[in-house]
Amino acid sequence: MKPLLTRKEAAKLLGCSPRTIDLWRVRNALPFLKVGHFVRYDPEELEYWVKEHSHHKKGT
């Protein structure tokens, strides 16, 4: 199991701002874990989430 990520680390992994991570989290659009009062992100779940939410243009 890979170490859990902070908000800043998740933002860096996904190539977005920490604020975007916050928005996706409060909209329940991004998988996250609560560890005590800390919010953490599983990098494997984030990678899966990206694959599931990516739109690939088919070749012509």
Side-chain angles (χ1 to χ4, degrees):
M1 179 175 166
K2 294 181 183 179
L4 298 176
L5 305 177
T6 64
R7 176 178 71 120
K8 287 183 181 180
E9 292 167 332
K12 185 175 181 180
L13 177 69
L14 296 179
C16 64
S17 72
R19 178 72 180 134
T20 298
I21 295 294
D22 291 341
L23 290 172
W24 287 342
R25 180 179 51 80
V26 299
R27 293 178 181 163
N28 289 318
L30 190 68
F32 67 93
L33 302 164
K34 292 273 300 204
V35 181
H37 65 276
F38 297 103
V39 175
R40 294 292 183 256
Y41 302 88
D42 182 330
E44 292 173 358
E45 285 189 29
L46 293 179
E47 290 171 11
Y48 179 78
W49 181 84
V50 167
K51 288 177 186 174
E52 290 296 309
H53 292 86
S54 296
H55 300 283
H56 297 284
K57 187 175 180 181
K58 292 186 179 182
T60 54

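Each residue takes its place number in the sequence, starting with 1. Note that the structure is a prediction, hence the values are computed from the model and not measured.
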Heavy atoms only: give me the nearest W49-H53 pair and the separation to one decimal. O-ND1, 2.8 Å
When every non-hydrogen atom of Y41 is compared with those of P31, the smallest separation belongs to CD2-O, 3.4 Å
What is the minimum heavy-atom distance between R7 and R19, and which atoms define it? NH1-N, 4.1 Å
Would a single hydrophobic cluster contain both Y48 and W24, if residues Ile, Leu, Val, Met, Phe, Trp and Tyr are joined by side-chain heavy-atom contacts under 4.5 Å? no
Which heavy-atom pair separates P43 from P3 by the least distance, and what is that distance? CD-O, 3.4 Å
Tell me the closest heavy-atom pair linking L4 and D42, and the distance in Å. CD2-CA, 3.8 Å
L5 versus R40: any side-chain heavy-atom pair under 4.5 Å? no
Flag the pair L14 / L30 as yes when at least one side-chain heavy-atom distance between them is below 4.5 Å, and no otherwise. yes
Report the distance from atom CG of L46 to atom CD1 of I21, rounding to the nearest 0.5 Å. 7.0 Å
Rounded to the nearest 0.5 Å, the NZ atom of K12 sits from the CD atom of E9 at a distance of 9.0 Å
